[in-house]
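This report concerns only the one structure given below.
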Amino acid sequence: HEDHSEVVASSGDEGGDEEGYRQGVEEILKTTGKNIKRGKTMALKEAISTAKKYGLETSTISEAEKQLTEHKKQQLREEVEKEVEAFFASDESKDVGLTEKMVRKAVDADCRPHVVKRLRDSLEELILTRKLEEEEEQACRGYLKHICREFVAAATKGGGRQVVVLDLDDGRKVPSNIILDPPLQHLLVTPDRAEAGRETQEVPIRSMRASRAKDDKKLTKSRGFSDLDEEDLECAVAVRYEGRGRLEGVFCFVEPTPLRRDRLIEALLVLTVACA
């Protein structure tokens, strides 16, 4: 229950010493404002109202009003944060629409940063992992087929698809070409003619695993990779391959842009699945 007994008790002396009453109200205003907690909101509201009536200093009233506002914000923040905890413990947290609403509610209530971040991270994961609509699935299939066909066409015609191979030992960037054999069983990485002494490498397509190079923990520890500048780090592709049933090696391709990096990864992933 709201406790406003202090103000009420003081008002009983109003007919006597008005100055003493004013001082009493001011004291209550300051004390209640500093120690405000749940259950004291009404007491502070009445103290502010009475202080205005008796013309207390504006700065004193303003400070009390500020404390009241902050207290209300804190109450709302605590209530919403409790609601967030209950939300994550329920099945509602698996719904994109409900999670979006909870994010907005937490932001509006000025919840602590880690609470808002948890909600936003959850929402992002839900969006990324949600089941695609039929039209979206068709669009994705169409896109991946197009990317793979472009890659196969480039790698089976002329001298192959141009690529830069990073030497993981000395950090040299070796201009090369990716070539696919006609049955699409093997991928060949052939250095340019100017790169004397470097041999063509041939690996089974079905054994390849492509990813962003910066996500390959073992590769990132190599001397050559550590010498790359920030721009090239973002554009590098790791392609691990196997031979005779065990892990044999890794290519590191450096593409011109992050978009080209992603397209190469996508094409190799689709090609690997298709040839499995």
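- Atoms CD and SG, from E81 and C111 in turn, are 4.5 Å apart once rounded to the nearest 0.5 Å.
- Connection of V164 to L219 is established within a shared hydrophobic cluster, with ILVMFWY side chains joined at heavy-atom distances below 4.5 Å, either directly or through further cluster members.
- The shortest side-chain heavy-atom distance between C252 and V165 does not fall under the 4.5 Å cut-off.
- Judged as a salt bridge (Lys or Arg N to Asp or Glu O under 4.0 Å), and not counting sequence neighbours, the contacts of E83 are K105.
- Shown here for L228 and L166, the closest heavy-atom pair between the two residues is CD1-CD2, 3.8 Å.
- With sequence neighbours excluded, the residues satisfying side-chain contact (heavy atoms from CB on, under 4.5 Å) with A154 are R161.
- Evaluation of the side-chain hydrogen bond (donor to acceptor under 3.5 Å, both in side chains) rule for R223 yields no partner, not counting sequence neighbours.
- L269 places none of its side-chain heavy atoms less than 4.5 Å from the side chain of L144.
- We find the CG-CZ distance between D167 and R198 to be 4.5 Å, quoted to the nearest 0.5 Å.
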Using residues 230-237 as the side-chain source, report each donor-acceptor pair under 3.5 Å to any protein atom, sequence neighbours left out, with the distance given to one decimal.
{"from": "D232", "atom 1": "OD2", "to": "K173", "atom 2": "NZ", "distance (Å)": "2.3"}
{"from": "E234", "atom 1": "OE1", "to": "K214", "atom 2": "NZ", "distance (Å)": "2.9"}
{"from": "E234", "atom 1": "OE2", "to": "K214", "atom 2": "NZ", "distance (Å)": "3.0"}

Can you list the steps and then say if L268 with R209 is a side chain to side chain contact (heavy atoms under 4.5 Å, CB included)?
CA-CA 8 Å; L268 291 175; R209 290 181 288 121; over 6 Å; no

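- Considering only heavy atoms from C-beta on, V189 comes within 4.5 Å of F253 through its side chain.
- Hydrophobic cluster of V273: no remaining members, since no ILVMFWY side chain lies below 4.5 Å from it.
- Crowding of E125 atom CD: a count of heavy atoms from other residues, nucleotides or ligands under 6.0 Å not exceeding 12.
- Rounded to the nearest 0.5 angstrom, I205 CD1 and L184 CG are separated by 5.5 Å.
- In this structure, F251 and V203 have side chains that are in contact, with non-hydrogen atoms separated by less than 4.5 Å.
- Rounding to the nearest 0.5 Å places CG of L271 at 10.5 Å from CG of L264.
- Between E78 and Q74, the side chains place a donor N or O and an acceptor N or O closer than 3.5 Å (distance only, hydrogens not considered).
- Sorted by first and then second residue, the pairs that involve residues 85-94 and meet salt bridge (charged side-chain N to carboxylate O under 4.0 Å, His left out), not counting sequence neighbours, are E85-R118, D91-K94.
- At least one donor-acceptor pair under 3.5 Å links the side chain of R77 to the backbone N or O of D110.
- Side-chain contact between V270 and F151: absent, with no pair of heavy atoms (C-beta onward) separated by less than 4.5 Å.
- Rounding to the nearest 0.5 Å gives a distance of 7.5 Å between NZ of K101 and CZ of R104.
- The side chain to side chain donor-acceptor pair (under 3.5 Å) contacts involving residues 256-276 comprise Y143-E266, where partners must be two or more places apart or lie in separate chains.
- The side-chain contact (heavy atoms from CB on, under 4.5 Å) check on L128 picks up E124, with sequence neighbours excluded.
- Counted by atom type alone, R141 and Q138 present zero donor-acceptor pairs between their side chains at under 3.5 Å.
- With sequence neighbours excluded, the residues forming a side-chain hydrogen bond (donor to acceptor under 3.5 Å, both in side chains) with R172 are E195, listed by chain and number.
- In terms of the side-chain hydrogen bond (donor to acceptor under 3.5 Å, both in side chains) criterion, residue partners of D215 (sequence neighbours excluded) are, by chain and number, R212.
- Hydrophobic cluster membership for I179: L188 (Ile, Leu, Val, Met, Phe, Trp, Tyr linked by side-chain heavy atoms under 4.5 Å, directly or transitively).
- Rounding to the nearest 0.5 Å places CE of M208 at 11.0 Å from NE2 of H186.
- Hydrophobic side-chain contacts under 4.5 Å tie V116 into a cluster, directly or through other members, with L76, V80, V84, F87, F88, V96, L98, M102, V103, V107, V115, L119, L123, L126, I127.
- Here the rule is side-chain hydrogen bond (donor to acceptor under 3.5 Å, both in side chains) with N177, and of T200, T190, D192 only D192 fits it.
- Under the 4.5 Å side-chain heavy-atom criterion for ILVMFWY residues, no single connected hydrophobic cluster contains both V239 and L168.
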Audit row: R130, E136, side chain to side chain contact (heavy atoms under 4.5 Å, CB included) steps and yes/no:
CA-CA 11 Å; R130 69 181 174 84; E136 292 175 319; 2.9 Å; yes

